[in-house]
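Written below as structure tokens is the structure these notes are about.
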Amino acid sequence: MSTNYWLLKSEPTAFSIEDLKNAPKKTSCWDGVRNYQARNFLRDSIKKGDKVFFYHSNAEPSGIAGTAEVVKEGYPDHTAFEPDDQHFDAKSDAKNPTWYMIDIKYEETFPRVLSLEELKHVPALTDMVLLQKGSRLSVQPVTKKQWEAICKLAQK
DNA sequence: GCCAACGTTGGC
DNA sequence: GCCAACGTTGGC
């Protein structure tokens, strides 16, 4: 099975790539996704061994900060069942979970953040989901071609 | 902090 | 099933 590529958004004030790097085993669950389209990717499409870009949103600047690898495929997001959790969802049922999460492991931090502004000017990336007008998906697919173009750009 | 764009909710 | 109102995302 071939590797697929993804982009995960996070506000660095909530959880940054540095937080992932400093986590035990450099691994963390990716919880709190409460959007059905993003949930479907987490539950159905993202596989162990897939690669992800770690995107910092609402940041200075917003952009791709580095990469990580999927180490655990979709499983129920338990934070949905915890009333004290910020991501609690009273309507979800532990016996038939609505929300899913994955585990990712830190791979690398790019020498510099590839800002949204910079990415917009890369011809190979014009079709990227991230760059579409009004795109808010916090879990989104990335093509191999886009992945390679971005990794190459990061090393410049 | 503003606000455009999108997603969700709920009345009908 | 429509759609207005509301809530959220996320760039700026």
Side-chain angles (χ1 to χ4, degrees), chain A residues 4-23 28-46 50-70 73-104 106-143 145-147 149-154 156:
Chain A
N4 285 308
Y5 303 92
W6 309 92
L7 180 143
L8 302 179
K9 291 184 189 173
S10 178
E11 301 199 11
T13 52
F15 189 77
S16 72
I17 195 164
E18 283 302 304
D19 294 329
L20 180 63
K21 186 181 182 180
N22 294 327
S28 172
C29 59
W30 195 265
D31 64 2
V33 171
R34 296 293 180 266
N35 168 282
Y36 286 99
Q37 211 180 337
R39 185 282 311 270
N40 290 345
F41 286 130
L42 293 176
R43 187 188 60 184
D44 307 330
S45 307
I46 300 181
D50 283 357
K51 305 287 191 181
V52 303
F53 284 128
F54 199 119
Y55 180 88
H56 283 170
S57 60
N58 267 318
E60 292 294 335
S62 293
I64 297 174
T67 63
E69 180 179 345
V70 177
E73 296 178 11
Y75 62 105
D77 180 348
H78 56 80
T79 64
F81 313 128
E82 294 161 10
D84 292 337
D85 194 280
Q86 194 190 342
H87 302 292
F88 176 64
D89 177 8
K91 287 185 292 184
S92 77
D93 176 2
K95 294 194 188 68
N96 184 21
T98 305
W99 306 115
Y100 282 72
M101 59 187 182
I102 58 172
D103 287 355
I104 60 171
Y106 174 84
E107 203 156 68
E108 78 164 309
T109 302
F110 287 151
R112 63 196 172 86
V113 172
L114 302 180
S115 73
L116 184 61
E117 184 59 29
E118 180 175 0
L119 298 174
K120 282 178 184 168
H121 292 104
V122 180
L125 302 179
T126 50
D127 292 334
M128 207 178 166
V129 177
L130 180 73
L131 304 180
Q132 304 313 301
K133 185 174 158 68
S135 170
R136 303 193 323 194
L137 252 192
S138 63
V139 177
Q140 50 180 260
V142 172
T143 66
K145 186 178 140 216
Q146 290 161 356
W147 179 272
I150 289 166
C151 288
K152 192 174 158 194
L153 188 63
K156 277 187 191 168

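Each chain gets a letter, A, B and so on, in the order the sequences are listed, and its residues count up from 1.
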Atom pair distance, as rounded to whole Å: [atom1] in [X] and [atom2] in [N]:
{"X": "A:L116", "N": "C:dG11", "atom1": "CG", "atom2": "P", "answer": "6 Å"}
{"X": "A:Q37", "N": "B:dC6", "atom1": "CD", "atom2": "P", "answer": "12 Å"}
{"X": "A:Q86", "N": "C:dT8", "atom1": "CD", "atom2": "C1'", "answer": "13 Å"}
{"X": "A:E117", "N": "C:dC12", "atom1": "CD", "atom2": "P", "answer": "6 Å"}
{"X": "A:L119", "N": "C:dG10", "atom1": "CG", "atom2": "P", "answer": "15 Å"}
{"X": "A:L8", "N": "C:dG10", "atom1": "CG", "atom2": "P", "answer": "12 Å"}
{"X": "A:K91", "N": "B:dG10", "atom1": "NZ", "atom2": "P", "answer": "6 Å"}
{"X": "A:K9", "N": "C:dG11", "atom1": "NZ", "atom2": "P", "answer": "6 Å"}

Margin query: Quick check on ring-ring contact (aromatic ring centres under 6.0 Å, His included): which of A:W30, A:Y106, A:F110 does A:F54 satisfy it with?
Written below: A:W30
Margin query: Does a side-chain N or O of A:Y55 approach OP1 or OP2 of C:dG11 to a distance below 4.0 Å, or not?
Written below: yes
Note to self: Using OP1 and OP2 only, check whether a side-chain N or O of A:S62 sits under 4.0 Å from C:dG11.
What the structure shows: yes
Margin query: Checking contacts here: which listed nucleotide (B:dA5, B:dG7, C:dG11) is nearest the side-chain heavy atoms of A:N35?
Written below: B:dG7
Item checked: Closest to side chain of A:Y36, choosing from B:dT8, C:dG11, C:dT9 -> B:dT8
Margin query: Distance check, rounded to the nearest 0.5 Å: A:E107 atom CD versus A:K51 atom NZ?
Written below: 3.5 Å
Item checked: A:T79 side-chain N/O to A:D85 backbone N/O, donor-acceptor pair under 3.5 Å -> no
Next item on the list: Output yes when a side-chain donor or acceptor of A:Q132 lies under 3.5 Å from a complementary backbone atom of A:V129, and no otherwise.
Entry: no
Next item on the list: By nearest nucleotide on DNA chain B, pick out whichever of A:G134 and A:N58 is the more 5' one.
Entry: A:N58
